[in-house]
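The structure appears right after this line, and notes come after that.
Both counts, for ligands and for their atoms, begin at 1 and track the order of listing. Along the sequence shown, residues carry numbers from 1.
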Amino acid sequence: MNLISMGDLTPEDVIDILEKAEELKEKRKRGKTLDVLKNKSLAMLFEKPSTRTRVSFEVAMSSLGGDALYLNWQDLQLGRGEPIKDTARVLSGYVDCVVIRGGHDVVVEFAKQATIPVINGLTEVEHPCQSLADLLTIYELKKDFAGLKFGWIGDGNNVCNSSILAGALVGMNVVVACPKGYEPKKEIVSRAKKLGGNTQITHNPKDAAKDADVLYTDVWVSMGDEAQKKKRMRDFKGFQINDDVVKMAKDDVIVMHCLPAHRSEEITDDVLEGAHSAIFKQAENRLYAQMALLVRVLG
Ligand code: CP
Ligand code: NVA
């Protein structure tokens with residue numbers, strides 16, 4: 001089983017992973033030793049920086065009795081031009097699973113050539129591991145998904161794309177408010193529709209905020225978009241989650257962000273640190289969602 005797109009999962013897969021995550025979270029918090037992945041190895045191949053994905057996968061493997069090795073792209077022969085298809089076949093002979101963070105086409109090619117499960121650790125198109133942790137967080141706080149309004153304010157980026165598919169899989173209504181030209185991928189929106197999802201794209205942040213159960217944002221400048229920083233800073237003005245936006249949502253709205261955040265750009269410090277913020281719970285849940293995913297893939 002690979003996890004390249006959130007759309008690779010069925011609603012049943014998602015529920016299984018979330019239930020497993022809750023069970024593993026409870027056991028780990030009680031200090032129970034878990035060794036279901038004894039003698040299993042995970043390679044973590046990263047072309048871009050990472051704090052959460054890298055550390056949570058590494059701790060997930062060690063918590064489950066397995067091993068993880070972090071591989072910086074530039075330190076491998078990949079950095080000197082060894083083809084991805086050769087790297088994929090070689091690593092398949094050493095480890096049991098690979099998490100890879102890089103260009104989307106490269107990750108897809110890697111998965112095609114590998115004979116072991118491949119997990120997308122973020123591409124410019126999707127971030128499915130983030131969405132699994134987000135669903136776990138929403139489930140913990142809201143107890144159910146059906147009919148919730150998930151309002152996205154900001155860039156229709158990788159995290160947004162995976163959130164749209166995640167919403168479709170669990171029955172949340174997703175409203176994305178982004179500036180013109182920063183819409184989520186059309187293919188993702190139509191895939192979500194095929195999965196039975198209800199996605200609305202708007203250019204008015206109020207449409208996403210009004211009566212929302214969940215408000216979500218992410219940086220205006222993702223990794224790889226740095227050259228467009230000046231233009232993006234102009235274009236995203238007004239697409240910030242701040243107190244006024246939170247007031248438009250339901251009284252018990254939760255505010256989410258995948259982190260890292262840029263305070264006073266896409267979100268204010270008050271909201272990030274405020275009573276509605278689920279942001280650090282979300283970050284913690286990366287660990288448990290991924291533990292469950294690894295058990296599913298390797299157990
Ligand atoms: N949210 C997330 O994936 O963070 P990192 O880039 O630190 O892994
Ligand atoms: N959209 C951000 C997410 C980082 C976790 C990026 O791609 O940089």
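With a heavy-atom cut-off of 4.0 Å, L259 touches ligand 1 through its backbone alone. Of all the heavy atoms of R101, the ones lying under 4.0 Å from any atom of ligand 1 belong exclusively to the side chain.
Test K25, R28, E22 against Y288 for side-chain hydrogen bond (donor to acceptor under 3.5 Å, both in side chains) and you get one pass: R28. The side chain to side chain contact (heavy atoms under 4.5 Å, CB included) with C97 is formed by just one residue from the set I116, I119, L293; it is I119.
Protein heavy atom closest to atom 3 (C) of ligand 2, with residue, atom name and distance, is D218 OD2, 3.6 Å. The closest protein non-hydrogen atom to atom 7 (O) of ligand 2 is N158 ND2, 2.8 Å. Among protein heavy atoms, atom 8 (O) of ligand 2 sits closest to M223 N, 2.8 Å.
With contacts defined as side-chain heavy-atom distances shorter than 4.5 Å, the pair W73/I100 qualifies.
In this pair, W152 and F150 present their aromatic rings parallel. The plane angle is below 30°, not in the 30 to 60° band. A parallel orientation is assigned to the rings of W220 and F236, their planes being inclined by less than 30° (bins at 30° and 60°).
Atoms of ligand 1 found under 4.0 Å from any heavy atom of H127 (numbered from 1 in listed order, with element): 2 (C), 3 (O). Every atom of ligand 1 is numbered from 1 in the order shown, and the set under 4.0 Å from a heavy atom of T51 is 5 (P), 7 (O), 8 (O). Shown in contact with R52 at under 4.0 Å from a heavy atom are these atoms of ligand 1, numbered in order with element: 1 (N), 2 (C), 4 (O), 5 (P), 7 (O), 8 (O). The distance from ligand 2 to the heavy atoms of L122 drops below 4.0 Å at these ligand atoms: 3 (C), 4 (C), 5 (C), 7 (O). Within the listing of ligand 2, atoms 5 (C) sit less than 4.0 angstrom from a heavy atom of L259.
Residue H127 has no N or O atom closer than 3.5 Å to an N or O atom of ligand 2. At a 3.5 angstrom cut-off on N or O pairs, R101 does not count as close to ligand 2.
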